[in-house]
Amino acid sequence: MTKFSELKLHPKVLKAVEEAGYETPTPIQAGAIPPALEGRDVLGIAQTGTGKTAGFVLPMITMLARGRARARMPRSLVLCPTRELAAQVAENFDTYAKHVKLTKALLIGGVSFKEQDTLIDKGVDVLIATPGRLLDHFERGKLILSDVKVMVVDEADRMLDMGFIPDIEKIFGLTPFTRQTLFFSATMAPEIERITNTFLSNPARVEVARQASASETIEQGVVMFKPSRRDRADSEKRKLLRALIDGEGDKLTNAIVFCNRKMDVDVVAKSLKKYGYDAAPIHGDLDQSQRTRTLDGFRNGELKLLIASDVAARGLDVPSVSHVFNFDVPSHAEDYVHRIGRTGRAGREGKALMICNPRDESNLADVERLIQKEIKRIDNPIQDNAPESAAPTDEGEDGEKRKPRSRSRSRSRSRSDDRPEERRDNRNDTRRENADKRPRAQDTAAEKSADKSDAIPPAEKPETAPAEAKPRESRSDSRQADSRPADSRPADSKPDNTRSRNRQGDQGNSRRRGGRGDDVVGMGDHMPGFIAMSFEERRDD
DNA sequence: AAAAAAC
C-alpha cells in the first residue's frame, strides 16, 4: 500500500502530514496527488469524507513551496460552495503548510472586505473563496487572476445545486488558459460533465467508490411519526426528537440535528435549549461570526448538539459525531447520504435516526431507493400521544389547555387590556373606551384570564419544560403576576416585548396561556372558524 | 420546497 512518503510531496509537507498523525493516504489522495504533482488536471469524483481536501491541499503546497506571490496576483485559487467549507480548507492549509512559508487569504462573504483587501494587496499564494465574494473583489478591481497557476473547484455538484455554475465559468474565464485545474465533484451530472469538458484538459480521472460507510457502518433508523392532532404536530415532533436523543443516553457524545428549513432549525434549537439541552443553531441566515463561533464550539466539544440546515450537510469536517438526527426527511434523497455521512466517519461507528411525517413518506421511499436499503422502522418511543399522556405529566400544560379554552379566551381577550396600544386603537371606539375606562384593579376574572402572554407566536411559544430543566426562579416583580410556573416561561425566550405589555393588571392565574395564535384582535366577539385553524388545516380543508 | 451565496 502506498504511503505518503512515497508520494513525492515536499519534505516539509510530509513532515506536517506525519505530525498530524497520517501515514497512509486515502484512495482519493493516493489517486489525485501524483497526477496533480505532475502538473496534470485532475477530475476527482469523490464523496465528502474521503479525504479529498488533503488530496488537493498537499500537492498545492508542494507546488507553491517555490516562488512567491506578487501583489494582488494570487498564485492559486480554491473555490468552495459554502463559507464554512472555505474556512475549513483554509485550516487545512494552516495544518499542512506550517513548515512552509505560504500566505493565504480567505475570501468569504459576511465579513468585512478590509482585512481581505489588505491581504490581497500584499500578495497571497493561496486564495480560498466562495464565488460571490471572489467576484465582488474582482469587480472592485482589487484582484488580478492572471497569475493563477492552480485552480481548484471543490464540491462542484453542490455549486451546481446552488446555482454557482455561471460564476464558476466566469472565474474560469478570468484565469489563464494555462492554469492547472483540480476539479472535485461527488457526482457527474450532465452539467458538470459539460464544465469539465470545457475547462479541463486531458484530466486524470480519479474516482473512488461511493462511500460504503454511508450505509454500512452507520446504523440507521426511522420513526414513522403521526401526530395525535394536527395542531400539535410541531410540538409533538420536537418531543419525539427529545425522546430519541434521550434514548441514546451516553452513547450520544455529540450530534447534528438536520432540519429542512431554517425556521425549523431556529425553533428546534430554541426548544431544545429550553429543555436544558446543550444545543445551538447554524444556518445561512445567521451572521457569520455566530456561524463560526457555533461551529468552533461544536468542533471543540463545547457544544453537544448542532441544529443545522443543509449548510452543514456536506463537506464540513466534524471529526467524530456519534449521532445524526434527521428531524425531517430530506427532500433530495442524496442529501440524506450527505447528512448521515457526518457520522460514522473514518471507520467509527455512527447512528442516524430520522423522523418521517406521513407526508414525507414518498421522500423516504426515494431515500431508500437511493441507498438501496430499507431503513429500519423504529417504534415511536412516545406511545402516549393520546390525551391522557398530556394530562398530569410535565407535558400537561402544553397539551391540556389549548382547544377548549381558546374560544372563551379569544372572546374575552378582545376586550381585555392587554393589547398593545397601537392595535387597540384599531378597534371600535366603544369597546376601546370601555376597556380603557375600567380601572385595572377591577379587571374581571374573565379578562384576567385572557390577558396572558399568548401573543407569543407559535414558533416561540414556550413548551413546558421538564422538571430538571426548571431553572429560573428569579423573575422580575413586574412579572410575578404571572403565576404560571416559572419554568414554563424561560427568560431567554423571545416574547419579552409581549410580556412587558402584559405587565400591568396581570394578576391572573396560571391557566390561560399555552394557546397558539388563536386569539383574534379586531373582530369583536365573532371569530370566523378558519381563523383559529393553522395554515395547514386551512389548506387541507 | 428549501437551502446556499454578494453588497
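Throughout, a chain's letter reflects where its sequence line sits, starting with A, and its residues are numbered from 1. Just so it is clear, the values below take in all heavy atoms, side chains as well, and ignore hydrogens, waters and symmetry mates.
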(message) Of the listed nucleotides (B:dA6, B:dA5, B:dA3), which one gets closest to any side-chain atom of A:S309?
(response) B:dA3
(message) Test of understanding: with side chain to side chain contact (heavy atoms under 4.5 Å, CB included), list the residues that count as partners of A:R369, not counting sequence neighbours.
(response) A:A365, A:D366
(request) Starting at atom CG of A:N326, determine the distance to atom P of B:dA2, rounded to an integer number of angstrom. (result) 18 Å
(request) Tell me which nucleotide among B:dA3, B:dA5, B:dA6 gets nearest to the side chain of A:K262. (result) B:dA3
(request) Can you figure out which of B:dA1, B:dA3, B:dA4 approaches the side chain of A:R261 most closely? (result) B:dA3
(request) Could you check how far CG of A:N260 sits from C1' of B:dA4, rounded to whole Å? (result) 14 Å
(message) Considering every strand and a 4.0 Å limit on heavy-atom distances, what is the contact class for A:R291: base, sugar-phosphate, or nothing?
(response) sugar-phosphate
(message) Once ring-ring contact (aromatic ring centres under 6.0 Å, His included) is applied, what residue pairs with a partner in residues 252-274 of chain A remain, sequence neighbours excluded?
(response) none
(request) Can you tell me the distance, in whole Å, between the CG atom of A:D335 and the C1' atom of B:dA2? (result) 10 Å
(message) Using OP1 and OP2 only, check whether a side-chain N or O of A:T130 sits under 4.0 Å from B:dA6.
(response) yes
(request) Just compare B:dA5, B:dA6, B:dA1 and give me whichever is closest to any side-chain atom of A:S331. (result) B:dA1
(request) Pull out every residue in residues 105-114 of chain A that has a heavy atom closer than 4.0 Å to any atom of DNA chain B, ordered by number, or say none. (result) A:G109, A:G110, A:F113
(request) Look at the side chain of A:H332 and the base of B:dA1, then say whether one donor and one acceptor between them are separated by less than 3.5 Å. (result) yes
Side-chain donor-acceptor contacts of residues 350-358 of chain A below 3.5 Å, not counting sequence neighbours, with atom names and distances?
residue, atom, partner, partner atom, Å
A:K351, NZ, A:E248, OE1, 3.3
A:K351, NZ, A:E248, OE2, 3.1

(message) Distance alone, cut at 3.5 Å: any donor-acceptor contact between the side chains of A:D246 and A:Y277?
(response) yes
(message) Distance check needed: B:dA1 P versus A:M263 CE, whole Å only.
(response) 16 Å
(message) Per the ring-ring contact (aromatic ring centres under 6.0 Å, His included) rule, what does the pair list look like for residues 141-174 of chain A, sequence neighbours excluded?
(response) A:F172-A:F199
(message) Tell me the interatomic distance from A:Q288, atom CD, to B:dA4, atom P, rounded to whole angstroms.
(response) 11 Å
(message) It should be established whether A:R339 places a side-chain nitrogen or oxygen under 4.0 Å from OP1 or OP2 of nucleotide B:dA3.
(response) no
(message) Using side-chain heavy atoms (C-beta onward) and a distance below 4.5 Å, is A:I282 in contact with A:R291?
(response) yes
(request) Mind calculating the distance between CG (A:D154) and P (B:dA5) to the nearest angstrom? (result) 15 Å
(message) A:R70: which residues meet the salt bridge (Lys or Arg N to Asp or Glu O under 4.0 Å) condition with it, sequence neighbours left out?
(response) none
(message) With a 4.0 Å cutoff (strictly under), does any side-chain N or O of A:R83 reach OP1 or OP2 of B:dA6?
(response) yes
(request) Take the protein atom CG of A:D328 and the nucleotide atom P of B:dA3, then report the distance between them rounded to whole Å. (result) 10 Å
(message) Can you measure A:E334 atom CD to B:dA2 atom C1' for me and round it to whole angstrom units?
(response) 14 Å
